[in-house]
Amino acid sequence: MKVQKIFDSFMSSNIFNNKGVLQSNYTPETIPHRDKEIEQIASILAPALRQERTSNLFVYGNTGTGKTLSIHYLKNELLKRSDKSPLRVEYLNCKLRKVADTEYRILAELIKKFGHEVPATGLPTDQVYNKFIEVIEQEKQFIILILDEVDQIVKKMSDGFLYNLMRINTELSKTQLSVIGISNDVTFLDNIDPRVRSSLSEEEIIFPPYNALQLQDILKTRAELAFKKNVVGEGVIAKCAAIAAREHGDARRALDLLRVAGELTEREGLAKISLKYIDQANAKIEKDKILSIIETEPKQFQAVILAIIELSDKNKDKIFTGEVYQAYQDVCKRARMEMLTQRRIGDIISEFDMLGLINASVISKGRYGKTREIKLAISKQIIERAKKIINESLGFA
DNA sequence: GTCAATTCACATGAAAGAGACCACGGTCTAGTG
DNA sequence: CTAGACCGTGGTCTCTTTCATGTGAATTGACGA
């Protein structure tokens, strides 16, 4: 039976030893090539162990440069040594939708971490503030608050939250609060209130991208744990590293590549990962990402994407906002759904730009106005699949 | 030919509404002694 | 008499609409050589 064969081969993988090592939630024991950064941060945080207030810290670097990993590592090390001192280190990822993407919810989440409950909604925000202060003031303690992806907070709300957070220290009598902000976006600090900026970035640390050699190093150590012996073919690691290095030195990307290449090899029933599977893996990752974005997007967004796809199918590769809106209206009519205003469509288009589904840039056509010039960034092989997904979701025949 | 004013087709911002969710406090109802 | 059901009020959150203002260069038209 085929099924049995599939299960059998799954049970006794001849490729993987421990696939988890290549997954993004895995925490390795050592973090190569980040010694300098970790030491710097450690020396900044060390005063906390002697019950002194630590400086606020701002960490930035591209995705997959080991920021979060390093901070987690330091968090654990700190906590290991702090059984006597009343030190608390709390980590919060501000990007998680529905968990921590508004002022209210972040506070609610923090209060929860300190062992109290607060309703998910319905309370005035300043009351939640007071509750938070009350909770952390219950006993004398040192708190280090790690805010991952702080730039998201500012993007979604204003910098008011950060300002309040910085100011909170002055309202606390017993407790001391320090903040570690982590951000992918280097320019993020430029657009916030100078007062917040100066207090948030009392110390700054930059995580530079990994270069190809460092990536190879990381991959090698992980591959040894993840794969069985003699599975990884000649040059495979070098190639993964090279591809990822091209993409801003993103280690996560490199690990994904290696894992997916392994999965593809396994599915083929082969015992050795060869170079060609890496190219395939690269394509597959890209494809899966795009399709899953399209699939999970709300209907209105799908309609806009469909409009853009149809336009770029039809003729040119340069599309303007107005054209998209017309095509979108057409799609709406066909699908019998309500139409949104052009204002909204403009925003949706720029969201697609951020997601990487399209490339859009604002240009001026002089006398003939100012628009976005839009180009579809989905490769041809996926377009058909994408269309199918959208058509199904919009209820077309 | 040169220069500033004009003009288009949107971008970009701000404010505010709609509808969903929820807490809180007061009132009503039904079950209990 | 009291616990629970049921409202109304007031708050947040997301997605939108409405109204307002901004904008960059092709075009236009006046001007001078």
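Naming convention: chains lettered A, B, ... in sequence-line order (proteins, then strands); numbering from 1 in each chain. All values below come from the heavy atoms of this structure, side chains included, with hydrogens, waters and symmetry mates left out. On a predicted model such as this, the values are computed, not experimentally measured, just so you know.
Residue Tyr73(A) forms a side-chain contact (heavy atoms from CB on, under 4.5 Å) with just one option from Ile31(A), Thr27(A), Leu78(A), and that option is Ile31(A). Just one residue in the list Ile293(A), Leu357(A), Asp347(A), Leu376(A) forms a side-chain contact (heavy atoms from CB on, under 4.5 Å) with Phe352(A), and that residue is Leu357(A).
Look at CD on Glu297(A): it is 10 Å from P on dC15(C), rounded to the nearest Å. One interatomic measurement links the two molecules: CE of Met337(A) to C1' of dT16(C), which rounds to 14 Å at whole-angstrom precision. A straight line from CG of Leu340(A) to P of dT18(C) spans 11 Å, rounded to a whole angstrom. We find that CD of Glu373(A) is positioned 15 Å from C1' of dA11(B), with the value rounded to whole Å. Summarising the geometry, the separation between CD on Glu338(A) and C1' on dA18(B) is reported as 12 Å, rounded to the nearest angstrom. Rounded to an integer number of Å, the gap from Glu351(A) CD to dT14(C) C1' is 12 Å. Gln300(A) places its CD atom 10 Å from the C1' atom of dC15(C), with the value rounded to the nearest Å. One interatomic measurement links the two molecules: CD of Glu323(A) to C1' of dC10(B), which rounds to 13 Å at whole-angstrom precision.
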Nucleotide by nucleotide, nucleotides 22-30 of chain C touches protein heavy atoms under 4.0 Å in the pattern (B base, S sugar-phosphate only, - none) -BBBBSS--
Which parts of nucleotides 12-17 of chain B does protein reach within less than 4.0 Å, heavy atoms only, written one letter per nucleotide 5' to 3' as B for base, S for sugar-phosphate only and - for none? BB----
Checking Ile38(A) against Leu74(A) for the side chain to side chain contact (heavy atoms under 4.5 Å, CB included) test, could you report, in this order, the C-alpha distance in whole Å, the side-chain angles of both residues, the deciding distance, and whether it holds? CA-CA 8 Å; Ile38(A) 291 178; Leu74(A) 282 160; 3.9 Å; yes
Worked check of side chain to side chain contact (heavy atoms under 4.5 Å, CB included) between Lys239(A) and Asp279(A): CA-CA 9 Å; Lys239(A) 181 150 188 188; Asp279(A) 287 323; 2.9 Å; yes
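The phosphate of dT16(C) (OP1 or OP2) has a side-chain N or O of Arg344(A) nearer than 4.0 angstrom. Residue Thr341(A) places at least one side-chain N or O closer than 4.0 Å to OP1 or OP2 of dT17(C).
Listed here is the closest heavy atom pair of Ala360(A) and Ile374(A): CB-CG1, 4.2 Å.
Under the 6.0 Å distance and 45° angle rule, Arg34(A) counts as a cation-pi partner of Tyr210(A).
Counting only distance, with no hydrogens or angles, the side chain of Thr296(A) and the backbone of Ser292(A) share a donor-acceptor pair below 3.5 Å. A distance-only check finds a donor-acceptor pair linking the side chain of Gln302(A) to the backbone of Ile294(A) [under 3.5 Å].
Ring orientation note: the planes of His72(A) and Tyr91(A) are tilted relative to one another, at an angle of 30° to 60°.
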